[in-house]
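Everything below concerns the one structure shown next.
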Amino acid sequence: MNKGKHLIVVAVILLTGLLLTQVQSAAAQVSPTATVNTGALHVRSGPGVGYGVVISLYRGSSMTLLAQASDGIWVRVVLPTGVQGWVNSRYIATAYPIYSLPVEGGTVPTPATATVSTGALNIRSGPGLYYGQVASVYNGTVLNLLARTADNSWLKVSLSNGVQGWVNAGYVFTSYPINSLPVEGVVVTPPTYPSYPTYPSYPSYRTHVVQAGENLFRIALRYGVSMYDIAALNGIYDLTRIYAGQVLLIP
């Protein structure tokens with residue numbers, strides 16, 4: 001009886017070992033491949049969005065998995081064409097356990113992004129206020145940096161929906177070294193028009209030639225003004241002293 005039990009235990013152990021071997025063999029046969037499960041996916045030269053784009057893939061594109069970055073998010077892959085690069089594992093579908101891939105890849109560089117630091121910001125078709133508005137973004141929006149003007153005053157950016165344009169660098173915040181961006185575009189300012197000299201304008205006055213027998217009171221009454229205004233305009237201090245032939249300015 002004891003011998004029978006012993007044989008049963010041995011048989012169970014052998015069967016379990018056989019099953020484990022088959023499971024391990026089946027797992028080993030799982031090919032480390034994946035397919036793109038998003039509309040479009042960038043293959044980059046390194047494990048991070050700060051690296052340049054090698055090629056773009058589209059939904060259903062296949063690839064072979066080679067390694068993983070230390071963060072477990074980025075995966076190095078090779079395409080059927082032989083092109084290699086890194087992709088974000090969130091946007092691929094695979095039955096292979098990514099954690100089983102060997103770890104490689106250095107420090108991820110600072111992402112080439114900027115964040116809008118003002119309430120609202122216009123994205124323009126070129127580097128300057130004279131260009132038309134392409135879109136508007138708001139505080140906290142993250143922009144991908146593409147290029148800069150030579151004076152770093154304008155930045156070429158792209159949105160998550162693919163829209164590209166230019167923003168004033170004074171209204172975004174970034175820790176990315178802007179000087180490392182490629183120089184592109186020329187700042188265009190609104191045209192200036194020549195300014196013409198202005199000349200002081202002088203008030204126009206009527207004139208009156210004093211006739212014999214006239215006085216300031218009668219002259220003022222004729223023109224419907226105050227005789228004191230006539231006197232002040234002509235520098236007359238004695239209202240009774242005007243003479244025939246005198247030219248008076250009438251306000």
Side-chain angles (χ1 to χ4, degrees), residues 20-115 123 134-135 137 141-150 152 154-167 169 172-185:
L20 288 174
T21 301
Q22 291 177 344
V23 170
Q24 290 172 350
S25 177
Q29 290 175 2
V30 174
S31 178
T33 59
T35 56
V36 177
N37 67 351
T38 186
L41 177 63
H42 291 322
V43 178
R44 298 185 179 274
S45 59
V49 293
Y51 289 98
V53 176
V54 176
I55 191 173
S56 294
L57 303 176
Y58 300 95
R59 185 181 297 275
S61 300
S62 62
M63 64 197 75
T64 300
L65 309 178
L66 301 177
Q68 62 170 319
S70 57
D71 60 5
I73 297 176
W74 290 85
V75 179
R76 188 163 69 88
V77 301
V78 60
L79 307 182
T81 59
V83 174
Q84 292 192 23
W86 293 80
V87 298
N88 191 312
S89 62
R90 296 189 181 99
Y91 303 109
I92 59 175
T94 179
Y96 189 85
I98 291 178
Y99 60 82
S100 299
L101 294 170
V103 177
E104 64 177 70
T107 303
V108 178
T110 303
T113 59
T115 304
I123 296 180
V134 176
V137 290
T141 303
V142 177
L143 310 171
N144 295 313
L145 300 176
L146 303 177
R148 64 185 174 92
T149 54
N152 291 344
W154 287 83
L155 300 173
K156 186 178 183 181
V157 301
S158 67
L159 303 179
S160 58
N161 59 6
V163 172
Q164 293 188 12
W166 293 80
V167 296
V172 298
F173 169 78
T174 179
S175 57
Y176 187 84
I178 292 178
N179 287 330
S180 64
L181 292 171
V183 176
E184 184 180 321

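Throughout, numbering of the chain's residues begins at 1 and tracks the sequence.
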Worksheet item: Do Trp166 and Glu184 have side chains that get closer than 4.5 Å, going by heavy atoms?
Response: yes

Discussion item. Checking Thr81 against Ile55 for the side chain to side chain contact (heavy atoms under 4.5 Å, CB included) test, could you report, in this order, the C-alpha distance in whole Å, the side-chain angles of both residues, the deciding distance, and whether it holds?
Written reply: CA-CA 11 Å; Thr81 59; Ile55 191 173; 5.8 Å; no

Fill in: Ser158 side-chain N/O to Gln164 backbone N/O, donor-acceptor pair under 3.5 Å
no

Practice prompt. Check the pair Asn88, His42 against side chain to side chain contact (heavy atoms under 4.5 Å, CB included), reporting the backbone distance first and the verdict last.
Written response: CA-CA 9 Å; Asn88 191 312; His42 291 322; over 6 Å; no

Item to complete: Check whether any side-chain N or O of Arg76 sits under 3.5 Å from a backbone N or O of Gln84 as a donor-acceptor pair, and report yes or no.
Response: no

Item to complete: Check Leu65 against Ala34 and note the closest heavy-atom contact, atom names and distance.
Response: CD2-CB, 3.9 Å

Worksheet entry | Heavy-atom donor-acceptor pair, Asn37 side chain to Ile92 backbone, under 3.5 Å | yes

Discussion item. Tell me the closest heavy-atom pair linking Ala112 and Tyr176, and the distance in Å.
Written reply: CA-CD1, 3.5 Å

Discussion item. My understanding is that only residues two or more places apart in sequence, or in another chain, count here; which of them pass salt bridge (charged side-chain N to carboxylate O under 4.0 Å, His left out) with Arg44?
Written reply: none

Practice prompt. Please report the shortest heavy-atom distance between Ser62 and Pro80, naming the atom on each side.
Written response: O-CD, 3.5 Å

Fill in: Heavy-atom side-chain proximity of Thr38 to Val36 below 4.5 angstrom
yes

Worksheet entry | Backbone of Ile73 reached by a side-chain donor or acceptor of Ser89 within 3.5 Å | yes

Practice prompt. With the side chain counted from C-beta on, respond yes when Leu145 and Val157 share a heavy-atom pair under 4.5 Å apart, and no when they do not.
Written response: yes

Practice prompt. Taking all non-hydrogen atoms of both residues into account, name the closest pair between Val183 and Thr149 and its distance.
Written response: CG1-C, 4.2 Å

Fill in: For Asn161, side-chain hydrogen bond (donor to acceptor under 3.5 Å, both in side chains) partners two or more places apart
none

Response to the item:
Shortest non-hydrogen pair, Thr94 vs Thr33, comes out as OG1-O, 2.6 Å

Worksheet item: Which atom names give the shortest non-hydrogen contact between Thr113 and Thr174, and what distance separates them?
Response: O-OG1, 2.6 Å

Worksheet item: Taking the side chain as C-beta and beyond, is there a heavy-atom pair between Val43 and Met63 under 4.5 Å?
Response: no

Worksheet item: Given side chains that start at C-beta, do those of Leu143 and Leu159 come closer than 4.5 Å, heavy atoms only?
Response: yes

